[in-house]
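Report on the following structure.
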Amino acid sequence: MAPPGPECRLVPHVPDHLSSSQAVAQQAFLRGLSRGECYQAEAPTLWDVTFRTAVAQAELEDRERPGAYHRIAFEPAADMEEKTGSYASVYIETTRPELLPACVALVAHPDDERYQHLFGTHVRTPLFGVEVPVVAHHLASPDKGSGIAMICTFGDVTDVTWWRELRLPTRPVLGWDGRLLAEAPEGITSPEGVAAYGELAGLTVFSAQQRVVEMLREAGVLDGEPKPTQHPVKFFEKGDKPLEIVTTRQWYIRNGGTDRALNDALVARGSELDFEPDFMRVRYENWVRGLTGDWLISRQRFFGVPIPVWYPVLADGSPDYDHPIVPSEDALPVDPSVDVAPGFDASQRDVPGGFTGEKDIMDTWATSSLTPQIVCGWRDNPGLFAATFPMDLRPQGQDIIRTWLFSSVVRSHQEHGTLPWKHAAISGWILDPDRKKMSKSKGNVVTPMGLLETHGSDAVRYWAAAARLGTDAAFDEGQMKIGRRLAMKVLNASKFVLGATGIATVAAESLEEGLRATAHVTTSAPVTEPLDRAMLAALADVVDTATAALSAYDHTRALEVAETLFWTFCDDYLELVKTRAYDGAAPGEAIDPFAPCSPGAASARATLTLALHTFLRLFAPVLPFATEEVWSWFQEGSVHRASWPDSARVRAVAGEDTPGAPLLAAAGEALSVLRKVKSEAKVSQRTEIASIDLLVPEAKVAWVRAAEADLRAAGRVSAMQIVDASLALEPGVDGLAPEDGSNDEIADPTVMRTENARLAE
RNA sequence: GGGCCCUUAGCUCAGUUGGUUAGAGCACUGCGUUUACACCGCAGGUGUCGUCGGUUCGAGUCCGGCAGGGCCCA
């Protein structure tokens with residue numbers, strides 16, 4: 001008995017690229033059909049009574065539901081009485097008494113001494129008077145209830161296992177509408193049994209349960225009152241009524257759920273795949289190893305990719321499901337409810353001797369599992385396919401390892417004998433601010449639109465980019481504010497760089513001039529100043545680190561190192577070279593990038609420009625809008641199509657053996673202590689320092705000296721003495737007594753500090 | 001019941017093969033308005049690295065037990 005399909009099908013207009021994905025889905029189905037991987041079977045099927053469609057194992061979830069154990073007496077049949085010499089009833093406990101008419105056996109654990117002598121004998125079902133055997137199976141739990149249970153067709157998935165493995169008869173009572181069938185199942189033959197069933201026919205599961213309990217109570221076979229319990233019940237993940245198991249004809253794809261060799265092969269495919277992070281592999285293996293049936297792909301829904309087959313209609317008007325008619329691959333996509341089966345004409349639809357179209361559609365994952373084939377042009381672009389398949393990377397969430405990832409592996413394994421991609425980058429959940437999983441029912445879902453409006457796209461993306469693969473990310477607006485600050489900083493620092501180099505002056509006229517100016521600034525003079533070379537050397541190292549991190553799927557580390565250096569670039573380097581780069585230009589004065597300037601200014605300008613060009617490309621994946629905006633000010637095309645920074649070119653400009661980060665850090669530290677003098681004196685950073693002694697750890701002296709001029713300019717220092725701190729262990733060793741007394745003890749010579757600061761009035 | 005991940009500053013998290021005094025941002029406090037930036041800058045304090053034990057010259061890091069949190073599967 002097939003469930004009814006829709007009487008007419010709504011056929012939406014489908015754009016070409018979608019019809020091509022439909023064709024791919026149908027072609028893969030037909031290939032599978034010809035190889036025997038796709039097949040149809042009349043079998044117990046997980047069924048959602050609300051949506052009236054079959055559901056696959058991957059779409060199930062357990063939910064705790066209240067229920068009650070009903071203790072019911074089964075009378076012994078003649079063979080049991082004879083064997084035991086007793087008329088004692090057998091008591092079972094069940095949470096689903098309404099399935100009593102579907103009972104086909106009682107089952108206990110083979111080692112359970114209480115029931116061993118009963119195995120092979122029979123009992124009679126109460127109310128319905130059907131003789132059913134007592135059987136043994138290891139899945140029966142001796143410690144649950146009375147240790148013996150009734151097997152019904154079908155109350156749950158364990159019933160299906162018992163039914164299949166013990167080869168029990170089928171006595172279905174549930175229809176696809178969630179009501180008990182009109183006719184009593186085979187086996188109920190006695191007038192009393194048929195009458196009892198008549199009381200239940202057409203009732204919902206809920207009402208049938210109430211009626212059965214009344215009848216059992218009246219018959220005196222309900223032992224005591226039902227005992228309330230909580231137990232896990234299978235639900236369709238999108239449904240709100242428990243799933244039932246209904247016997248229907250459905251289409252399946254072999255996925256290792258019924259075939260050990262295929263299961264092993266798919267586990268082996270999983271071990272070939274590079275999971276990022278690696279522990280996600282366990283989820284895949286658990287899932288594949290735990291499969292209990294093939295992948296059910298047919299759905300009784302309206303919208304979806306049609307299963308591309310027709311069936312001959314027999315003389316009695318019924319479809320001949322055993323001989324499906326298939327289209328040729330070049331006719332795809334087809335809709336069998338509209339298109340005519342090959343070899344027939346339209347007048348022969350649904351008439352004896354004619355054909356009928358399959359009404360079912362495919363599970364959405366039956367198409368999604370083919371995204372690599374769709375994208376790589378498997379069906380219509382062999383050249384592209386050869387060049388791009390298998391793909392490199394599947395990025396996806398951890399919750400769909402069992403669906404999207406696994407089903408893609410299944411399809412690729414069957415069709416191509418390979419993995420669909422080499423790497424799988426698995427992300428975690430986005431949790432609410434209290435680290436709870438977001439769900440509609442809890443009402444803690446945050447949708448992105450408001451966030452994008454409040455913080456900007458770059459800021460939201462920055463927050464998302466801070467989540468490491470495989471790690472859940474708590475939703476954090478604070479992090480978005482930081483992202484926004486970074487994006488603003490990129491805009492402002494870029495404005496400064498393009499202003500101080502003069503590129504902005506001519507780029508405002510035309511982009512060609514901007515490009516010419518950029519080339520001129522970065523190539524017309526060498527980068528000579530040690531601080532500039534250090535900046536570029538540090539940047540080259542960061543490019544290397546970020547590149548390696550991205551190659552290892554550690555995008556957060558790539559961002560982190562770029563971000564850290566960028567703040568140093570803004571807070572220290574820009575401040576240090578600002579004066580030098582301006583080269584005497586007055587505030588507000590437009591700088592001509594082509595005019596001659598001092599070598600120090602040329603060095604700074606080349607460095608600023610090269611650093612900006614590099615930082616923009618490092619940040620482009622995370623701050624796509626801010627970087628693109630700046631790029632448009634002085635570069636052509638899109639930053640997102642620009643090449644990834646090349647550390648070798650940056651390092652070549654920096655020069656061989658240039659001290660990078662350490663020199664930059666030492667200069668930054670020196671700037672910091674100069675600022676501290678003013679901060680502690682509670683005066684403006686603009687205040688002049690008339691004279692100061694800078695005590696520098698021995699190892700850093702040369703680096704600080706190399707940046708001395710820039711330090712004096714940035715710190716507004718008139719006279720500065722740079723002293724090796726290890727030679728100044730005694731206060732006043734340089735001949736001047738400390739004025740404020742704060743350094744009047746032996747200081748740590750490894751810490752940079754100042755002495756004898758004299759601020760201008 | 002089987003398995004996986006997590007536990008580090010008030011908060012969010014780094015901490016790479018074990019190796020100086022465990023870091024960052026936020027928040028907090030104070031100061032500052034500068035030739036890119038107030039959606040700003042500078043300076044400052046903040047830790048029993050869940051807990052107990054083990055390995056080691058040395059453990060946030062490796063091993064085991066326990067507790068708490070989260071997840072997958074049955």
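These numbers come from a predicted model, not from an experiment. Residue numbers start from 1 in every chain, and the chains themselves are labelled A, B, ... in the order their sequence lines are given, proteins ahead of strands.
- Within 4.0 Å (heavy atoms only), A:Ala585 reaches at least one base atom of the nucleic acid.
- Taking atom CG on A:Leu565 and atom C1' on B:A24, their separation rounds to 15 Å, with Å as the unit.
- Taking A:Phe569 as the reference, A:Tyr573, A:Phe615 meet the ring-ring contact (aromatic ring centres under 6.0 Å, His included) condition, with sequence neighbours excluded.
- B:A24 and B:U46 have their P atoms separated by 12 Å, given to the nearest Å.
- Comparing the C1' positions of B:G65 and B:C28 gives a spacing of 40 Å, expressed to the nearest Å.
- Using a 4.0 Å heavy-atom distance criterion, A:Trp463 is classed as making no nucleic acid contact.
- For the P atoms, the distance linking B:C63 with B:U55 amounts to 16 Å, nearest Å.
- The CD atom of A:Glu477 sits 17 Å away from the C1' atom of B:G25 (whole-angstrom rounding).
- If you check every strand for non-hydrogen atoms under 4.0 Å, A:Ser672 touches sugar and phosphate atoms only.
- Contacts of A:Asp399 with the nucleic acid, taken as non-hydrogen atoms under 4.0 Å apart, are absent.
- You won't find any donor-acceptor pair under 3.5 Å spanning the side chain of A:Gln685 and the base of B:A43, going by distance alone.
- Here the separation of B:G50 from B:U12, taken at their P atoms, is 15 Å to the nearest Å.
- Pair assignment for B:G44 gives B:C28, based on Watson-Crick or G-U wobble hydrogen-bonding distances that are each under 3.5 Å.
- Under the Watson-Crick or G-U wobble criterion, with both distances below 3.5 Å, B:A38 is left unpaired in every strand shown.
- With rounding to whole Å, A:Met488 atom CE is found 9 Å from B:A38 atom P.
- In this structure, A:His423 and A:Tyr553 have tilted ring planes: the angle between them lies in the 30° to 60° band.
- What separates CD1 of A:Ile401 from P of B:C5 is a distance of 13 Å, to the nearest Å.
- Atom C1' of B:G60 sits at a distance of 15 Å from the matching atom of B:U21, rounded to the whole Å.
- Note that A:Arg617 lies outside the cation-pi zone of A:Trp631, set by a 6.0 Å cut-off to the ring centre and a 45° limit from the axis.
- Of all nucleotides listed (B:C42, B:U16, B:A36), B:C42 comes nearest to the side chain of A:Arg675.
- Distance check on atom C1': B:U34 versus B:G10 gives 33 Å, rounded to whole Å.
- The two residues A:Trp295 and A:Ser369 come nearest to each other via the heavy atoms CH2-OG, 3.8 Å.
- For B:G15 and B:C71, the C1' atoms lie 25 Å apart once the distance is rounded to whole Å.
- The partner of B:U33 is absent, by the rule that a Watson-Crick or G-U pair needs both atom distances under 3.5 Å.
- Relative to the side chain of A:Asn492, the nucleotides B:A36, B:U16, B:G41 differ in distance, and B:A36 lies closest.
- Contacts of A:Lys481 with the nucleic acid, taken as non-hydrogen atoms under 4.0 Å apart, are absent.
- Residues passing the side chain to side chain contact (heavy atoms under 4.5 Å, CB included) test with A:Thr579, sequence neighbours excluded: A:Ala713.
- In the set B:A43, B:C4, B:A36, the nucleotide with an atom closest to the side chain of A:Lys676 is B:A43.
- Rounded to whole Å, the distance from CG on A:Asp571 to C1' on B:A24 is 14 Å.
- For the side-chain contact (heavy atoms from CB on, under 4.5 Å) with A:Met480, the lone residue among A:Thr454, A:Leu452, A:Leu451 that qualifies is A:Leu451.
- With B:C40, B:U35, B:C39 as the choices, the nucleotide that has an atom nearest any side-chain atom of A:Arg485 turns out to be B:C40.
- Across all strands shown, A:Glu575 has heavy atoms under 4.0 Å from base atoms, whether or not it also approaches the sugar-phosphate.
- In this structure, A:Arg686 does not reach the B:G41 phosphate: none of its side-chain N or O atoms is under 4.0 Å from OP1 or OP2.
- A salt bridge does not link A:Arg394 with A:Glu276: none of the charged nitrogens is closer than 4.0 Å to a carboxylate oxygen.
- The partner of B:C71 is B:G3, judged by Watson-Crick or G-U wobble contacts that both fall below 3.5 Å.
- A:Leu486 has its CG atom 12 Å from the C1' atom of B:G25, to the nearest Å.
- Distances from the side chain of A:Glu560 to the nucleotides B:C4, B:C37, B:A14 place B:A14 closest.
- In this structure B:C62 sits in a base pair with B:G54, meeting the Watson-Crick or G-U test at under 3.5 Å.
- Remark: B:G18 base-pairs with no nucleotide in the shown strands. Criterion, Watson-Crick or G-U wobble with two distances under 3.5 Å.
- Mapping A:Pro587 and A:Leu671 onto RNA chain B via the closest heavy atom, the residue that lands nearer the 5' end is A:Pro587.
- Nucleotide B:C40 holds its C1' atom 11 Å from the NZ atom of A:Lys578, rounded to whole Å.
- A cation-pi arrangement is absent between A:Arg281 and A:Phe275, since the terminal nitrogen or guanidinium carbon is not both under 6.0 Å from the aromatic centre and inside a 45° cone about the axis.
- Looking at heavy-atom distances under 4.0 Å, A:Arg484 makes contact with a base.
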Using a cut-off of under 3.5 Å, enumerate the N/O to N/O pairs linking the protein to nucleotides 71-74 of chain B.
unit_1 : atom_1 : unit_2   : atom_2 : d
B:C71  : O2'    : A:Arg283 : NH2    : 3.4
B:C73  : OP1    : A:Arg402 : NH1    : 2.6

Open item on the list: For A:Lys489 and A:Trp567: C-alpha separation, side-chain torsions, deciding distance, then whether side chain to side chain contact (heavy atoms under 4.5 Å, CB included) applies.
Closed with: CA-CA 9 Å; A:Lys489 202 71 177 175; A:Trp567 282 107; 3.4 Å; yes

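- Note on A:Tyr582: a base of the nucleic acid sits closer than 4.0 angstrom, heavy atoms only.
- Atom CH2 of A:Trp567 is separated from atom P of B:C37 by 14 Å (rounded to the nearest Å).
- With RNA chain B read from its 5' end, the first of the two nearest nucleotides for A:Gln479 and A:Ile482 is the one closest to A:Gln479.
- If you check the side chains of A:Thr687 and A:Arg716, you find no donor sitting under 3.5 Å from an acceptor.
- Under 4.0 angstrom from either OP1 or OP2 of B:C42 there lies no side-chain N or O belonging to A:Lys678.
- Closest approach of A:Asp458 to A:Leu623, counting heavy atoms only: OD1-C, 3.4 Å.
- Using a 4.0 Å cut-off, some side-chain N or O of A:Lys489 falls inside it from OP1 or OP2 of B:G41.
- B:U35 and B:G30 are spaced 27 Å apart, taking the C1' atom of each and rounding to whole Å.
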